[in-house]
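What follows is a short report on a single structure.
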Amino acid sequence: MKNLQTFIGLLEAEGELVRIAAPVSSDLEIAEIHRRVISAGGPALLFENIKGSDFPAVTNLFGTSRRVDLAFGKRPDQFLKELVKIAEELPTLSPRKLWSHRRLAREGLKVGLRTVRDGPVLACRQPSPNLERLPLIKTWPEDGGHFVTLPLVYTEHPITGQHNLGMYRIQRHDTCTLGVHWQIQKGGGFHYHVAEKQDNALPLALFVGGPPSLILSAIAPLPEGVPELILTSLLQGSKVKRVRDPNGSLPLLAEAEFAIVGHVPPHTRKPEGPFGDHYGYYSLRHDYPVLEVNNVYHRRGAIFPATVVGKPPQEDFFLGNYIQELMAPLSRLVMPSIKAIWSYGESGYHCLSSIVIEERYPREAMKFAFRILGEDGGQLSLTKFLVVHDGEGLNLKDFRKVLEHVLARIQFETDLFVIANLAMDTLDYTGPAVNEGSKGILVGVGPPKRNLPVDFAGPLPKGASDVQTYCAGCLAVSGPNYNRDPSYGQTLACDTAISKWPLIFLVDDASIVANNVRFLWTTMTRFEPAADVHASAVNYHRHHPCFTPPVILDCRLKPGFPDELVADERIAQRVTSRWSEYFPEGNVEGEEDMLGYSGFARMD
């Protein structure tokens with residue numbers, strides 16, 4: 001796919017895009033329309049008339065699996081699988097077999113970067129930077145401002161010159177400055193760290209739009225040092241065209257819609273946020289570096305792509321799952337003893353992952369766990385709770401079945417690990433402070449050790465208002481509000497009413513088990529292993545805490561947790577009343593959903 005506008009043309013031809021001619025506001029209105037449409041599985045949206053903006057905007061480009069497939073096609077998957085097959089067969093490859101893969105060599109010649117003399121991105125330039133004429137959107141009521149929500153942030157290492165392309169949210173401060181949300185473990189942030197140590201500003205080019213493969217490469221969990229633009233080239237099947245910036249030092253991506261170019265001065269911070277994030281809560285206001293913009297370039301007829309994040313499913317869910325499936329063969333090549341890996345988008349990805357392994361000697365499973373959590377530069381290292389098992393035939397996407405497999409095999413005294421005092425994902429507020437938290441590892445391998453209970457028929461535990469079965473061996477228990485009884489998790493662990501059940505999720509509302517997506521989102525985003533694991537007894541052997549089941553995971557909402565994302569009532573009413581203006585042909589569905597729960601049903 002050559003560029004964004006080629007993709008938009010394809011979507012329109014396929015009946016996957018609707019144009020909205022009615023005037024709309026970038027202040028919450030676009031986001032409210034978008035959320036309703038994506039929740040209903042509807043089309044991409046091209047907003048042609050945005051108040052106060054010189055440009056149209058497009059959202060929901062990747063809001064279904066079909067549109068993701070249209071964006072990337074079959075080529076990337078086929079190319080990677082064949083590449084991995086050659087690597088695996090290399091020691092025994094005969095010249096004849098090698099010749100049978102000659103097509104791959106031809107494809108390989110198309111991979112790389114190419115400098116061209118001119119490009120569409122340089123067609124126009126603002127006389128002086130005025131970011132308020134661009135359709136940055138405000139997506140949630142408590143957001144700190146308007147954001148670039150599909151930013152492609154390009155930097156180069158001050159010493160080595162190695163490039164990084166990452167997606168770090170960008171907040172507009174004024175007409176010529178932007179906040180750069182560099183979280184920990186982000187490549188661009190490492191570049192800035194080096195520049196700042198040298199007391200130098202870091203040049204930065206912020207691209208918006210371009211080939212869909214740029215967006216995918218920017219969010220792919222590549223190890224540190226692996227160039228994202230090479231992945232872009234591989235995905236699109238041609239070399240990435242770059243053009244020299246006539247007024248700056250960084251190369252510009254020729255097919256981008258916009259290039260916002262400037263520098264990030266050292267030792268300068270401004271408050272950034274809050275922002276309604278992909279966990280379904282607000283990430284709070286913190287100080288972050290500032291991009292001082294020197295030039296804004298754009299192609300003729302430029303279209304500004306945007307997205308909205310929040311409770312799943314949003315576009316990041318469909319892209320995240322596609323990336324996992326695409327990269328699976330490479331993961332198996334790099335980590336051959338790990339048969340499969342899956343991170344659960346229902347939980348925001350970083351909160352919960354599971355891996356399938358083949359244990360060749362006792363306790364080898366922990367080696368694989370540490371391999372995942374120690375992945376240098378990759379996003380897997382941010383995993384909060386990792387489930388390790390040997391269920392090679394299981395569908396990893398079905399977490400109920402995965403958990404049943406583990407619970408039948410786990411010996412909690414030796415197979416549950418809680419590791420405290422670690423760095424955590426910046427957006428996860430379950431820990432004691434920003435960027436601080438803990439990890440949990442749950443191991444279930446070997447032959448089954450127990451028959452799991454299936455139905456709960458006993459009396460309610462004391463203090464509980466409801467009990468529901470999540471899966472065999474696991475219950476969800478509605479307990480008292482955390483403020484009223486913060487120690488109820490320990491009390492529940494000792495209650496005989498649940499003594500035959502190995503694992504209990506303590507929640508505010510046990511009815512969430514009816515929808516697996518809502519269950520995983522609610523529990524894993526509100527849980528921190530070091531603070532929220534309880535058991536009927538905990539003994540220490542060789543400095544290891546041995547948990548005696550039942551084991552309780554306290555997933556109730558805790559004091560001080562950021563607010564859950566809820567739509568603005570006034571804007572929701574406006575969108576409801578104007579729906580026929582947006583879609584006069586009546587061909588797009590979308591219902592008012594203040595809490596954003598209706599999308600859960602679409603995924604379950």
Side-chain angles (χ1 to χ4, degrees), residues 335 337-344 346-347 349-373 380 383-419 438-456 468-477 493 498-507 513 516 519-520 523-524 527 529 532-536 538 544-555:
M335 300 177 283
S337 297
I338 298 177
K339 306 301 181 183
I341 305 171
W342 191 255
S343 296
Y344 295 86
E346 301 94 319
S347 73
Y349 288 108
H350 297 330
C351 289
L352 179 65
S353 298
S354 68
I355 62 173
V356 180
I357 58 100
E358 179 183 358
E359 194 172 57
R360 297 162 296 187
Y361 56 84
R363 312 309 294 167
E364 188 184 17
M366 288 303 296
K367 179 185 78 173
F368 301 127
F370 291 137
R371 174 69 174 84
I372 292 292
L373 298 180
L380 283 169
T383 299
K384 180 167 64 176
F385 200 80
L386 179 65
V387 179
V388 184
H389 61 96
D390 55 2
E392 192 165 358
L394 291 176
N395 175 11
L396 289 190
K397 297 178 184 179
D398 187 348
F399 187 69
R400 295 183 201 259
K401 293 299 182 184
V402 170
L403 190 56
E404 287 179 350
H405 180 92
V406 170
L407 292 178
R409 292 160 175 79
I410 189 171
Q411 188 71 32
F412 274 102
E413 290 81 356
T414 57
D415 294 339
L416 173 59
F417 297 83
V418 175
I419 309 171
S438 58
K439 297 182 185 295
I441 303 170
L442 197 67
V443 180
V445 297
K449 296 180 175 67
R450 65 181 64 82
N451 293 320
L452 300 174
V454 176
D455 297 311
F456 180 80
Q468 299 283 337
T469 301
Y470 174 63
C471 66
C474 179
L475 296 174
V477 174
I498 57 154
S499 60
K500 295 181 180 179
W501 293 78
L503 184 65
I504 313 293
F505 285 87
L506 173 57
V507 295
V513 301
N516 191 52
F519 179 84
L520 291 180
T523 55
M524 301 313 296
F527 160 75
D532 297 326
V533 174
H534 306 278
S536 61
V538 181
H544 171 70
C546 303
F547 298 92
T548 301
V551 170
I552 312 295
L553 307 184
D554 189 347
C555 304

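Owing to the predicted nature of the structure, the values given are computational and were not obtained by experimental measurement.
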Counting only pairs under 3.5 Å, give me each side-chain donor-acceptor contact of residues 409-418, with atom names and distances, residues two or more places apart or in other chains.
from   : atom 1 : to     : atom 2 : distance (Å)
Arg409 : NE     : Gly446 : O      : 2.8
Arg409 : NH1    : His405 : O      : 3.0
Arg409 : NH1    : His405 : ND1    : 3.3
Gln411 : NE2    : Glu413 : OE1    : 3.1
Thr414 : OG1    : Gln411 : O      : 3.3
Asp415 : OD1    : Arg363 : NH1    : 2.8
Asp415 : OD1    : Arg363 : NH2    : 3.4
Asp415 : OD2    : Gln411 : N      : 2.9

Practice task
State, to 0.1 Å, how close Asp390 and Val356 come at their nearest heavy-atom pair, and which atoms those are.
Solution key: C-CG1, 4.2 Å
Fill in the blank from the handout: Residue set satisfying salt bridge (Lys or Arg N to Asp or Glu O under 4.0 Å) with Asp532, at least two apart, ordered chain then number -> Lys558
Completion exercise
Residue set satisfying ring pair (Phe, Tyr, Trp, His ring centres under 6.0 Å) with Phe519, at least two apart, ordered chain then number -> Tyr470, Phe505
Handout entry: Donor-acceptor pair, side chain of Ser536 and main chain of Pro549, under 3.5 angstrom
Key = yes
Exercise for the section: Flag the pair Leu520 / Arg400 as yes when at least one side-chain heavy-atom distance between them is below 4.5 Å, and no otherwise. Expected result: no
Practice task
State which residues pass salt bridge (Lys or Arg N to Asp or Glu O under 4.0 Å) with Lys439; sequence neighbours excluded, sorted by chain then number.
Solution key: none
Problem - Nearest-0.5 Å distance that lies between atom SG in Cys471 and atom CG in Asn516 - result: 9.0 Å
Completion exercise
side chain to side chain donor-acceptor pair (under 3.5 Å) filter on Glu404, not counting sequence neighbours, yields none
Exercise for the section: Quick one: do Ile357 and Val388 satisfy side-chain contact (heavy atoms from CB on, under 4.5 Å)? Show the steps, please. Expected result: CA-CA 7 Å; Ile357 58 100; Val388 184; 3.8 Å; yes
Practice task
Start with the C-alpha gap between Leu352 and Val387, add the side-chain angles, then the distance that decides, and say whether side-chain contact (heavy atoms from CB on, under 4.5 Å) holds.
Solution key: CA-CA 8 Å; Leu352 179 65; Val387 179; 4.2 Å; yes
Practice task
List the atom of Leu373, the atom of Leu380, and the distance in Å for their closest heavy-atom pair.
Solution key: CD2-O, 4.2 Å
Fill in the blank from the handout: One should read off an interatomic distance between Phe385 CZ and Ser438 OG, to the nearest 0.5 angstrom, of 10.0 Å
Problem - Point-to-point distance, once rounded to the nearest 0.5 Å, from CE of Met335 to CD1 of Ile341 - result: 3.5 Å
Handout entry: Selection residues 352-371 - residue pairs positive for ring pair (Phe, Tyr, Trp, His ring centres under 6.0 Å), sequence neighbours left out
Key = none
Exercise for the section: Would you indicate whether Lys401, at its atom NZ, is surrounded by more than 12 heavy atoms from other residues, nucleotides or ligands within a distance under 6.0 Å? Expected result: no
Handout entry: Shortest non-hydrogen contact from Ile504 toward Pro550
Key = CG1-CB, 4.3 Å
Fill in the blank from the handout: The side chain to side chain donor-acceptor pair (under 3.5 Å) partners of Arg450 (sequence neighbours excluded) come to none
Handout entry: Qualifying residues under salt bridge (Lys or Arg N to Asp or Glu O under 4.0 Å), relative to Lys500, sequence neighbours excluded
Key = none
Completion exercise
Note: Cys555 and Val507 closest approach over all heavy atoms is CB-CG1, 4.3 Å
Exercise for the section: Just jot down the side chain to side chain donor-acceptor pair (under 3.5 Å) partners of Lys449, sequence neighbours excluded, or say none. Expected result: none
Exercise for the section: Locate the shortest heavy-atom distance separating Leu452 from Gly473; write the atom from each residue and the value. Expected result: CB-N, 3.9 Å
Exercise for the section: Could I get the full list of side chain to side chain contact (heavy atoms under 4.5 Å, CB included) partners for Val538, not counting sequence neighbours? Expected result: Ala535, Tyr540, Pro545, Phe547
Exercise for the section: Indicate yes or no: at least one non-hydrogen side-chain atom of Ile355 is less than 4.5 angstrom from one of Ile372. Expected result: yes
Handout entry: Flag if over 12 foreign heavy atoms under 6.0 Å of CG, Asn451
Key = no
Fill in the blank from the handout: Residues at least two apart in sequence or cross-chain that pass side chain to side chain donor-acceptor pair (under 3.5 Å) with Lys367, listed by chain then number, are Glu364
Problem - pair Leu553-Val551: side-chain heavy atoms closer than 4.5 Å - result: yes
Exercise for the section: Supply the atom-to-atom distance Leu407 CG to Leu503 CG, rounded to the nearest 0.5 angstrom. Expected result: 5.5 Å
Practice task
Take Ser337 and Arg360 through the test side-chain contact (heavy atoms from CB on, under 4.5 Å) and record every step on the way to the result.
Solution key: CA-CA 10 Å; Ser337 297; Arg360 297 162 296 187; 3.4 Å; yes
Fill in the blank from the handout: Across all chains, not counting sequence neighbours, the side chain to side chain contact (heavy atoms under 4.5 Å, CB included) partners of Asp455 are none
Exercise for the section: With side-chain contact (heavy atoms from CB on, under 4.5 Å) as the test, would you mind laying out the steps for Trp342 and Val402 before giving the verdict? Expected result: CA-CA 11 Å; Trp342 191 255; Val402 170; over 6 Å; no
Practice task
Starting at CG of Leu506, measure out to CZ of Phe527 and round the result to the nearest 0.5 Å.
Solution key: 11.5 Å
